[in-house]
Asks: 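Supplied in structure tokens, the structure appears directly below.
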Amino acid sequence: QVQLVESGGGLVQAGGSLRLACAASGRTFSSYAMGWFRRAPGKARQFVAAISWSGGSTYYADSVKGRFTISRDNAKNTVRLQMNSLKPEDTAVYYCAAGYGSSVVAEYDYWGQGTQVTVPS
């Protein structure tokens, strides 16, 4: 069992940066790949980034590649998403998830409650 709590969302101007964090509880955190997803108003949940259990492999959606960086610290049970050069289309609720590490929502077993990121146009 893994419980996930996101933090770090907020309002930022276009071109700015935010760093999201996801704190995990449970002794099995390091055995899971982790992912970040987002849901914009009126849209389906969308894959953003994923990282392997060791942190050695990362994977990004094309829309965020080169702007977002996912990282994890297994000693602190934390996964982060550094978001740079933010755009209005990045506005969404961001969720972290623990699971297989793919881009598929159904392959994640545990989800956080989400944190809002708003980039005004």
Side-chain angles (χ1 to χ4, degrees):
Q1 192 82 1
V2 177
Q3 290 80 41
L4 303 171
V5 179
E6 302 93 337
S7 62
L11 188 149
V12 62
Q13 296 303 311
S17 298
L18 277 177
R19 188 171 74 166
L20 305 183
C22 176
S25 60
R27 291 178 290 177
T28 60
F29 170 77
S30 60
S31 66
Y32 285 94
M34 298 295 296
W36 285 96
F37 290 75
R38 65 188 182 188
R39 176 177 280 162
K43 295 188 178 181
R45 196 167 296 196
Q46 175 189 43
F47 170 74
V48 174
I51 189 166
S52 62
W53 67 270
S54 68
S57 297
T58 57
Y59 176 43
Y60 297 93
D62 288 343
S63 59
V64 307
K65 201 172 295 182
R67 300 189 297 123
F68 290 12
T69 302
I70 188 171
S71 62
R72 69 186 296 162
D73 184 339
N74 286 341
K76 297 182 178 179
N77 279 14
T78 300
V79 61
R80 296 182 177 88
L81 185 69
Q82 177 67 43
M83 306 186 296
N84 298 329
S85 302
L86 282 161
K87 305 175 181 180
E89 51 263 44
D90 295 318
T91 295
V93 178
Y94 283 72
Y95 300 88
C96 72
Y100 182 73
S102 74
S103 62
V104 179
V105 170
E107 293 187 351
Y108 287 81
D109 299 317
Y110 303 102
W111 292 83
Q113 83 290 347
T115 186
Q116 176 71 47
V117 172
T118 302
V119 187
S121 56

Asks: Under 4.5 Å between any side-chain heavy atoms of M34 and L4, yes or no?
Replies: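 Answer yes - side chains close enough.
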
Asks: In Å and rounded to the nearest 0.5 Å, what is the CG to OG distance from N74 to S54?
Replies: 8.0 Å

Asks: With no hydrogens and no angle check, do the side chains of T78 and D73 hold a donor and an acceptor under 3.5 Å apart?
Replies: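 There is no such pair between these side chains.
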
Asks: Grab the two heavy atoms, one from S17 and one from S85, that are nearest each other, plus how far apart they are.
Replies: OG-N, 4.3 Å

Asks: In Å and rounded to the nearest 0.5 Å, what is the CG to CG distance from N84 to L18?
Replies: 9.5 Å

Asks: Does the side chain to side chain contact (heavy atoms under 4.5 Å, CB included) test come out yes or no for T91 and E89, once each step is laid out?
Replies: CA-CA 5 Å; T91 295; E89 51 263 44; over 6 Å; no

Asks: Apply side chain to side chain contact (heavy atoms under 4.5 Å, CB included) to the pair V79 and I51, showing each step before the final yes or no.
Replies: CA-CA 9 Å; V79 61; I51 189 166; 4.2 Å; yes

Asks: Give me the atom names and distance for the closest heavy-atom approach of Q13 to P120.
Replies: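 Shortest heavy-atom separation between Q13 and P120 comes out as NE2-CG, 4.2 Å.
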
Asks: Going through the checks in order, is the side chain to side chain contact (heavy atoms under 4.5 Å, CB included) test met by W36 and C22?
Replies: CA-CA 9 Å; W36 285 96; C22 176; 3.8 Å; yes

Asks: Do NZ/NE/NH1/NH2 and the carboxylate oxygens of D62 and K65 come within less than 4.0 Å?
Replies: yes

Asks: Hey, does E6 have a side-chain heavy atom less than 4.5 Å from the side chain of Q113?
Replies: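 SC-SC contact between Q113 and E6 confirmed.
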
Asks: List the steps, then state whether side chain to side chain contact (heavy atoms under 4.5 Å, CB included) holds for R39 with Q46.
Replies: CA-CA 6 Å; R39 176 177 280 162; Q46 175 189 43; over 6 Å; no

Asks: How about L20 and M83: do any of their side-chain heavy atoms sit closer than 4.5 Å?
Replies: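 Answer yes - side chains close enough.
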
Asks: Side-chain heavy atoms under 4.5 angstrom apart, residues restricted to Ile, Leu, Val, Met, Phe, Trp, Tyr: same cluster for W53 and Y110?
Replies: no

Asks: Using every non-hydrogen atom in the two residues, find where Q3 and S25 come nearest and quote the distance to one decimal.
Replies: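 Shortest heavy-atom separation between Q3 and S25 comes out as OE1-OG, 2.8 Å.
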
Asks: What closest approach, in Å, do S121 and P88 show between heavy atoms, and which atom pair accounts for it?
Replies: CA-CG, 3.7 Å

Asks: Less than 4.5 Å apart, any side-chain heavy atom of L81 and any of V48?
Replies: yes

Asks: With a 4.5 Å cut-off on side-chain heavy atoms, are F68 and L86 touching?
Replies: yes

Asks: What pair of heavy atoms forms the shortest contact from A92 to A40, and how long is it?
Replies: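 Nearest pair, atom of A92 first, then A40: CB-N, 3.8 Å.
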
Asks: Under a 3.5 Å distance rule, please check whether T115 uses its side chain to pair with a backbone N or O of G9 as donor and acceptor.
Replies: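 Checked: pair present.
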
Asks: Could you note down all residue pairs passing side-chain hydrogen bond (donor to acceptor under 3.5 Å, both in side chains) where residues 93-106 supplies at least one of them, sequence neighbours left out?
Replies: R38-Y94, S102-E107

Asks: List in chain and number order the residues that pass salt bridge (Lys or Arg N to Asp or Glu O under 4.0 Å) with R45, two or more places apart in sequence or in another chain; answer none if no residue qualifies.
Replies: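 In terms of salt bridge (Lys or Arg N to Asp or Glu O under 4.0 Å), with neighbours along the sequence ignored, R45 is linked to no residue.
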
Asks: Looking at every non-hydrogen atom in both residues, tell me the closest pair between A24 and V2 and how far apart they are.
Replies: CB-CG1, 4.1 Å

Asks: Compare all side-chain heavy atoms of D90 with those of R67 and state whether any distance is below 4.5 angstrom.
Replies: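 With C-beta onward as the side chain, the pair touches.
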
Asks: Would a line drawn from the ring center of Y60 to the ring center of F47 be shorter than 6.0 Å?
Replies: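 Here the rings of F47 and Y60 have centres that are no less than 6.0 Å from each other.
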
Asks: Taking the ring of Y108 and the ring of Y32, is the distance between their centroids below 6.0 Å?
Replies: no

Asks: Taking side chain as C-beta onward, heavy atoms only, is V119 less than 4.5 Å from V117?
Replies: yes

